[in-house]
Structure formats: structure tokens, C-alpha cells
Amino acid sequence: MAAEPVNVSEFQELARLALPKMYYDFYSGGAEDQQTLRENVEAFRRITFQPRILIDVSRVDLSTSILGYNISAPIIVAPTALHQLAHPQGEVATAKAAATCNTIMVLSFTSSCTIEEVANSCNAVRFYQLYIYKRRDIAATLVQRAEKNGFKAIVLTADTPRLGRREADIKNKMIAPQLKNLEGLFSTKVTSDGGSNMEAYAKETMDPSLSWKDIEWLRSITKLPILIKGVLTHEDAIKAVQVGLDGIIVSNHGARQLDYSPATISVLEEVVHAVEGRVPVLMDGGIRRGTDVFKALALGAQAVLVGRPVIYGLAAKGEYGVRRVLEMLKDEFELMMTLLGCSSVKDITRRHVRTEHERLLSMM
């Protein structure tokens, strides 16, 4: 009998063994040379800690709030596609695990389970991730369904005018199943002469004309707060605040879109400085340890989103696996807070970490 994983990364190997190669490659792969995929993880390793000692950490409180919703720790489930390829219960199992761990789940636009199935599965705070297609009525319908089913925010993914080049999916001739949320609205059946039918489908549906002016239209169809996902620069962060968005997620789409875009942790601080506290800033990409969560918060994130590790937990052990992944990250994060002298999330400051840039400056 295989030993129980002791850290989040060990779930990846279990997932690799559990999944058909096509599906494992789909979840684990990145764009083109996968430089950004590696860098998302590696960039965290170049940030070191500056612990404070002799501070009373007999009680450590991990809890925080995002848009006014209280969660047990600043660790949120990121939107990731097609959970039923990982496990028969799909997003329902993921949602139940998130609810048990008292955190927010962001349901993907490309989920296997419907908005209604996930909403009815358990009582938890959920956000809905949105792509805007050429046919705007599809977005309007899905947003209204999410709102009606108690979702608390919309997360607009803004870095996908076209799908990034994911070569493993092309080699494997990855076929996207029909999306249940789009039944009766749109067919995802697209034939492709070569490569991935997902690429052909995205090319047919994604709207490359989408721009900042369309935020006003999105605002007009929902009362929910809107966060924008895919911000990597000071300029776009300022623009997001100017157009009245309610939050920013620093993200490079899990390194699945533009290879050689920066690791998210390396540009987080630039975005935080641009925003000047006017809206919450979250980040995803490369979170594998409680140390990563702490580093992101020290550099100004209010919370992190976790994508692939959740999928690996789901593939390996279903709902229990997702719960274990979230619990492991929470337990490690609590230990980091204790060892660094922080009894609450509010105690985490910029002085607790040292970036590679600062180390190089100190040597000059």
C-alpha cells in the first residue's frame, strides 16, 4: 500500500499514476517551452525569510476575509477546467472539500458539473469565473444563473483572446467534452484536422475584440462584485481600478497562455503598489507550500488561489484528496506564521521576506 502523501507535491505523482496520460498532460502542462510553468514555482525559491523571535505565538489565527467573506485561511480554490476528467464527482467533490475547509471555491466557466449542481451540493461561498465569448448572450445567461444560485462574485479571466499553444494537448489530440453549462446554448463539438480540438473550439468562440470598455457592459448585467484575473503589470492594475473593478488576481493563467511571461510572485509587488490598497489583490501560480502562501502575503496579496494541486488531490483521492491538499497548505502556513513570529495574518509584513533583487542590492 502506498504511503500517505506528506506534502502537496507528492499528490502530483499520485495523480500521474491515476490519470490517463492525455488528461494528466492536460492538467500539468503549460504553454510552448514551459519556461513560465517552471518559473512560477522556482521564483518562490529565491525569496528568503527574515524571522522575528521571542514573540508570543501560542495562538495563531489564520483567518481572513475576502470581499467581506470570512475564510479559515487565505487559501482559495482557483478556477480549473473539467474536474470530471480527474474524478467522476468532478467539481461537486471539490466544492464539498472547499466547504469543509471553510474557504472560497472559484468555479470554472469550463466546469464539468453545472452551476446548479455545484450550488446544490453544499453550503459555501463560491465565485464564478467567466470567459466572454463572441456571443455575449452566453456570458449574460451564465452570469445570471450564477447570481440566481448564490454565487458571490464574478471572476473575469482577461488573458485569453486566443488559447495559448499547449503542445502536449496538440500531440495527444486532446478532445474537450461537451460543457454541461453550455447545453442548449452552444455546442462545443468542433472538429480539428490536426492537434487539439480545444484549440479549434477556442479559436471559434473566444472574442479577441474584448477590451476595457466591455467592463461597463459586464457591470450592466450583474449586481455582483467583479474581479479581473490575468493582471501582470502596473499599467493594467491602475486601469482595473480606474474602470471600477472590485478586485485583481495577479495571474499568468497557470503558465498556460503566454510562455516567458513573468512568474506571478515576481510581479505581485508591482501590482500591489499600483493599486495602493484601493481593491484587494490576490494571486495564483506556483503555490505548492505554506511558505509560498506566506511569501505572497508578505508581498501584499490578500490571499492566494491554488489550481493544479487541487486537481492532483482530486485525481488521487477524490473529495478527501482535495481536502488534504487544502489542509496541508493551511498546516504549513500556520507553522510558517509561528516560526516567523506572526500570531495573525495582519502581522505578516514586507519586512518578513527578502527578494533576490534586495539580496543583489545588498551585495553591491
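For reference, positions follow the sequence shown, starting with 1.
- A salt bridge does not link Glu327 with Lys330: none of the charged nitrogens is closer than 4.0 Å to a carboxylate oxygen.
- Proximity of the aromatic rings of Phe44 and Phe294 is defined here by a centroid distance below 6.0 angstrom, and this criterion is not met.
- In this model, a donor atom of one side chain and an acceptor atom of the other lie less than 3.5 Å apart for Arg145 and Asn181.
- With Ser111 contributing its side chain and Leu107 its backbone, the two residues share no donor-acceptor pair below 3.5 Å.
- If you run side-chain contact (heavy atoms from CB on, under 4.5 Å) between Ile76 and each of Ile66, Val125, Val310, only Ile66 comes through.
- For the pair Tyr312 (side chain) and Val325 (backbone), a donor-acceptor distance under 3.5 Å is absent.
- Without hydrogens or angle criteria, Asp33 side chain to Asp259 main chain gives no donor-acceptor distance under 3.5 Å.
- Under a 4.0 Å N-O distance rule, the pair Arg136/Asp207 qualifies as a salt bridge.
- Interatomic distance, Ile215 CD1 to Lys239 NZ, rounded to the nearest 0.5 Å: 10.5 Å.
- Between Glu167 and Arg165, at least one side-chain nitrogen of the basic residue sits less than 4.0 Å from a carboxylate oxygen of the acidic one, meeting the salt-bridge criterion.
- Glu269 places no side-chain N or O within donor-acceptor distance of the main-chain N or O of Leu299, the cut-off being under 3.5 Å.
- Distance check: Leu335 CG to Leu340 CG gives 9.0 Å after rounding to the nearest 0.5 Å.
- With hydrogens and angles ignored, the 3.5 Å screen pairs no side-chain donor or acceptor of Arg166 with any backbone N or O of Gly29.
- For Glu4 and Lys317, the salt-bridge test passes: some basic side-chain N is under 4.0 Å from an acidic carboxylate O.
- No donor-acceptor pair closer than 3.5 Å links the side chain of Ser251 to the backbone N or O of Asp284.
- In terms of modelled atom types and a separation under 3.5 Å, the side chain of His87 and the main chain of Gln84 share no donor-acceptor contact.
- Taking a cutoff of 4.0 Å between a charged side-chain nitrogen and a carboxylate oxygen, Arg288 and Asp292 do not qualify as a salt bridge.
- Not a single donor-acceptor pair under 3.5 Å links the side chain of Ser344 to the backbone N or O of Asp61.
- The CD1 atom of Ile175 sits 11.5 Å away from the CG atom of Leu85 when rounded to the nearest 0.5 Å.
- At least one cation-pi condition fails for Lys152 and Tyr128: the charged atom is not both under 6.0 angstrom from the six-membered ring centre and inside a 45 degree cone around its axis.
- Side chains of Thr94 and His83: a donor-acceptor N/O pair is present below 3.5 angstrom, by distance only.
- For the residue pair Asn40 / Asn252, a side-chain donor-acceptor distance below 3.5 Å is found, with atom types taken as modelled.
- Atoms CD1 and CG, on Ile132 and Asp214 in that order, are 6.5 Å from each other to the nearest 0.5 Å.
- Checked by atom type and distance alone, the side chain of Gln129 never pairs as donor or acceptor with a backbone atom of Thr80 at under 3.5 Å.
- One finds a salt bridge joining Arg219 and Asp246 here, because a Lys/Arg side-chain nitrogen approaches an Asp/Glu carboxylate oxygen to under 4.0 Å.
- Using cut-offs of 30° and 60° for the angle between ring planes, the Tyr69 and Phe127 rings count as perpendicular.
- Side-chain atoms of Arg278 do not come within 3.5 Å of backbone N or O of Val241 as any donor-acceptor pair.
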key: From CA spacing to verdict: salt bridge (Lys or Arg N to Asp or Glu O under 4.0 Å), Lys180, Glu117   = CA-CA 10 Å; Lys180 282 172 78 176; Glu117 284 170 338; 3.0 Å; yes
